[in-house]
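Read the structure below first, then the notes.
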There are 2 protein chains.
Amino acid sequence: MVAVRKVKSYGGVMGISERKERQRAELREQILRVAREMVVKEGFGALSMRKLADAVEYAPATLYLHFENRDAIARELCVRGFGEFLAALEPGARVKDPLERLMAMAAAYVRFGLEHPETYRLIFLEDARLSTELFRDAPDGAGPRSFALLAGVFEDLKAAGRLAEDASPTRLAEVTWAGLHGIVSLKLTCAAFQETTAEELQASLVETLVYGLPGLKGEKPARARR
Amino acid sequence: MVAVRKVKSYGGVMGISERKERQRAELREQILRVAREMVVKEGFGALSMRKLADAVEYAPATLYLHFENRDAIARELCVRGFGEFLAALEPGARVKDPLERLMAMAAAYVRFGLEHPETYRLIFLEDARLSTELFRDAPDGAGPRSFALLAGVFEDLKAAGRLAEDASPTRLAEVTWAGLHGIVSLKLTCAAFQETTAEELQASLVETLVYGLPGLKGEKPARARR
DNA sequence: GTCTATAGGCTGATAGAC
DNA sequence: GTCTATCAGCCTATAGAC
């Protein structure tokens, strides 16, 4: 963004205050950039005001002129993390056919989680208060919009008459989301299941959710297929 | 456990050392009991040697006579947590019919996670190194055995000829596990999806995994139903 | 705006007296 | 075995000089 001069020559009062404003915003941005780097490299717990100040080559006290406290930095990083997450889902969400779209979005979800583990951690695993706040207090934020993209799959299926009358798109979206989240977070926090890669698990999850257990035979309980 | 006397009268050397041994074990047990309480109440991060020492009314240094360091306490708590988890799954695992068993175990899994959030956190969400170690280095530990119980559902289905020839019980178990883990961990770390309770999500997850999307119509991609 | 200096916490862990 | 005392380090946040 280029500064707009408010007086004709040499800048002047407005020019100076604008430059200051710009420099201030730049420093703020730099702090966030470096903070993000630290979180991505060493995890969220390793983000400390001292180390951050060192890294941007300012005194710790200076950080407090730009952010109220450490939490404010974390919150900002979290907001941006949700933005990146949404951006990662969007290409897949443009696929026409709902089932293909579901597969594409699921793949994008898992890929994002594996490629940006610390970002994923930050927004979904780190601080319950933070992510809950961001979901609840910003209905138009990137978090809710990401969920809406996924819910769209099931809404479209239902609108096309391809789902049962009493099927709940929201609930199906939540179940799918939970499944994907489970795959990613098991890989991130407990790499216990070595037998199957996350991508394979994701493919199996979607396929099984859509079509049921492969080749299932036998009597079905009364309340099934509702 | 009642002490067995090795000499006939008044106790004697062996009796004294046994009493000491017993007292030592009792203190160790008390430390773990209090540590568990602290973790359950305030979270794993809040477990500090000083506060723990305060709570058991010993000096901090005393703890180090019973545990090498803080990690050793965490590891012990984790092992016991897996034990509790396994115990929670076992009743459901005794159900005869595989599909009913799946439902019972899924319900038990989610119930355990919601009723013992801090234990669940400790064993599945807290420290990747810790739980991974416990899974990998103790193939007969409670963690792997829990997974084996779940895998049994799909092995039994396949053995009964109720699944496709090329279906992988292990993979289906991993997918199911991931789904359940996702439900619990979303509730614990990001209570964003308020619309549906964890129990409802769990029921929908199992039903959808077993039978597919409710009333799905439309052409299926070639590779489906494999 | 930026600095130095520091307050006032917390932490895990240990040396050495008793 | 248990204690006191303490080391050595981390942390967030702020007061006050420049």
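Each chain gets a letter, A, B and so on, in the order its sequence line appears, and its residues count up from 1. Computed from a prediction, not measured in an experiment: that's the story for all the values here.
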- Query: Is A:E76 paired with A:R80 through a side-chain N to carboxylate O contact shorter than 4.0 Å?
  - Reply: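 Yes, A:R80 and A:E76 are salt-bridged.
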
- Query: Salt bridge or not for B:E155 and B:R101, using N-O below 4.0 Å?
  - Reply: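 Result for this pair is no, no salt bridge flagged.
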
Whole angstrom is fine here: how far is it from [atom1] in [X] over to [atom2] in [N]?
X	N	atom1	atom2	value
A:K20	C:dT2	NZ	C1'	13 Å
B:F67	C:dT14	CZ	C1'	18 Å
A:L63	C:dT4	CG	P	13 Å
A:L65	D:dT14	CG	P	11 Å

- Message: Side chain of B:Y58, heavy atoms from C-beta onward: which of C:dT4, D:dC3, C:dT2 has the nearest atom to it?
- Response: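 For the B:Y58 side chain, the nearest candidate turns out to be D:dC3.
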
- Query: If you check every side-chain atom of A:R24, which of C:dT4, C:dG1, C:dT2 has the closest atom?
  - Reply: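 Given the options C:dT4, C:dG1, C:dT2, the side chain of A:R24 is closest to C:dG1.
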
- Query: With a non-hydrogen cut-off below 4.0 angstrom, is B:L27 in contact with a base, only sugar-phosphate, or nothing?
  - Reply: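 Counting heavy atoms under 4.0 Å across all strands, the contact made by B:L27 is with sugar-phosphate only.
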
- Summarise protein proximity over nucleotides 8-13 of chain D in one line of letters, 5' to 3': B for base, S for sugar-phosphate only, - for none, counting protein heavy atoms closer than 4.0 Å. ---BBB

- Message: Give me the atom names and distance for the closest heavy-atom approach of A:A88 to A:F112.
- Response: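 Smallest interatomic distance, heavy atoms only, reads CB-CD1, 3.5 Å.
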
- Hey, what bend do you get for the helix from C:dG1-D:dC18 to C:dC18-D:dG1 if you fit axes on five pairs at each end, rounded to 10°?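 Axis-to-axis angle, ends of the helix: 20°.
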
Sub-3.5 Å donor-acceptor pair from the side chain of [X] to the main-chain atoms of [Y], do we have one?
X	Y	answer
A:N69	A:A72	yes
A:T189	B:F124	yes
A:R121	A:V39	no

- Message: Testing A:Y109, A:F147, A:Y120 one by one against A:H181 for a ring pair (Phe, Tyr, Trp, His ring centres under 6.0 Å), which residue passes?
- Response: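 The single option meeting the ring pair (Phe, Tyr, Trp, His ring centres under 6.0 Å) with A:H181 is A:Y120.
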
- Item | Lys/Arg cation over aromatic B:Y58: B:R28, 6.0 Å, 45° cone |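 Geometry flag: not set, cation outside 6.0 Å or 45°.
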
